[in-house]
Amino acid sequence: MIKIITVGSIKEKYLKDMIDDYYKRIIKYHKIKFVEVKDSNITKEKEEILKRINKSDYIICLDIHGKEYNSIEFKEHLENLFNNSISNITFIIGGSDGIDDEIKNKSNELISFSKMTFPHGLFRAILLEQIYRSFKIINNESYHK
C-alpha cells in the first residue's frame, strides 16, 4: 500500500481533477490512499500525522533538503523497496510550516523533488504523476517523455 499523508485539503477543482485522474491511473497498478490532516500549527499537525503512521510503514518525508532523484532513479528506488518486501510506503507532505523534526527523525528518508517550493495541491499532483510514471516504466509500458 502506498499512503500519502498530507496537511490540508484541496480547494481548487482543477487540482482535485488532476489528483483524481492520477489516483485512478495508479490504482490499476497498486493500492494507494490519501490521508488528510487538518491544516493547523506544526505541533498539532505532527500529532495528527503521527497517529496515522503505522510501525510497519516505510516513511518518506518530502522535504526540500532531501535526496533528489530523476524519474528513472525514483522508479528504481520504488521498485527496490517493493522487491525488498517493503509493502507499506508512506509519503508525508507537510503543511506551510514544513514537517516537524520528530517526524523527519522517524522517517526512513527525506526526498526532495526540487529546491523550489510548490503549492501543496500542485505538489500532490506532481508526486502522483511521478508514482504513476514509475509504475508505467516498471511495467514496460510507454509513457511520454
Other ILVMFWY residues reachable from Ile137 by side-chain steps of under 4.5 Å
Ile72
Are Lys44 and Glu47 within salt-bridge range, i.e. N to O under 4.0 Å?
no
Before you tell me yes or no, could you show the steps for Tyr58 and Asn88 under side chain to side chain contact (heavy atoms under 4.5 Å, CB included), namely the whole-Å CA-CA distance, both residues' side-chain angles and the distance that decides it to 0.1 Å?
CA-CA 6 Å; Tyr58 184 91; Asn88 295 317; over 6 Å; no
So Phe34 and Ile19, do their side chains get closer than 4.5 Å, heavy atoms only?
yes
Inspect the surroundings of NZ in Lys115 and state if more than 12 heavy atoms from other residues, nucleotides or ligands are less than 6.0 Å away.
yes
Do Phe118 and Phe113 have ring centres separated by under 6.0 Å?
no
Looking at His120 and Val7, would you say the former's side chain and the latter's main chain have a donor-acceptor pair under 3.5 Å?
no
Which pairs pass side chain to side chain donor-acceptor pair (under 3.5 Å) with one or both residues in residues 30-42, sequence neighbours excluded?
Glu36-Arg124
Could you tell me how the ring of His77 sits relative to the ring of Tyr69: parallel (under 30°), tilted (30 to 60°) or perpendicular (over 60°)?
parallel
Using a 3.5 Å distance criterion without hydrogens, assess whether the side chain of Asp57 forms a donor-acceptor pair with backbone atoms of Ile59.
no
Is Ile49 reachable from Ile64 through a run of hydrophobic residues whose side-chain heavy atoms are each under 4.5 Å from the next?
no
Does a side-chain N-to-carboxylate-O contact under 4.0 Å join Arg25 and Asp21?
yes
Give a yes or no on whether a salt bridge exists between Glu12 and Lys16, defined as a side-chain N under 4.0 angstrom from a carboxylate O.
no
Is there a donor-acceptor contact under 3.5 Å linking the side chains of Ser71 and Gln130?
yes
Determine the minimum heavy-atom distance between Ile42 and Gly98, stating which atoms define it.
CD1-O, 3.9 Å
So with a 6.0 Å cut-off around NZ of Lys106, is the heavy-atom count from everything else above 12?
no
Please step through salt bridge (charged side-chain N to carboxylate O under 4.0 Å, His left out) for the pair Asp100 and Lys104, ending with a clear verdict.
CA-CA 7 Å; Asp100 187 272; Lys104 289 181 192 179; over 6 Å; no
Is Lys46 salt-bridged to Glu102, cutoff N-O under 4.0 Å?
yes
Using the rule given for side chain to side chain contact (heavy atoms under 4.5 Å, CB included), can you reason through Ser112 versus Leu62, listing the C-alpha separation, both sets of side-chain angles and the distance that settles it, and then say yes or no?
CA-CA 6 Å; Ser112 174; Leu62 286 300; over 6 Å; no
Start with the C-alpha distance between Phe135 and Ile2, add both sets of side-chain angles, then the distance that settles side chain to side chain contact (heavy atoms under 4.5 Å, CB included), and finish with yes or no.
CA-CA 12 Å; Phe135 281 118; Ile2 294 174; 4.0 Å; yes
Option passing side chain to side chain contact (heavy atoms under 4.5 Å, CB included) with Ile4 (candidates Thr90, Val35, Ile32):
Ile32
Considering only NZ, NE, NH1 and NH2 on the basic side and carboxylate oxygens on the acidic side, decide whether Asp20 and Lys24 come within less than 4.0 Å.
no
Please determine if Arg133 and Glu129 form a salt bridge, counting it only when a charged side-chain N lies under 4.0 Å from a carboxylate O.
yes
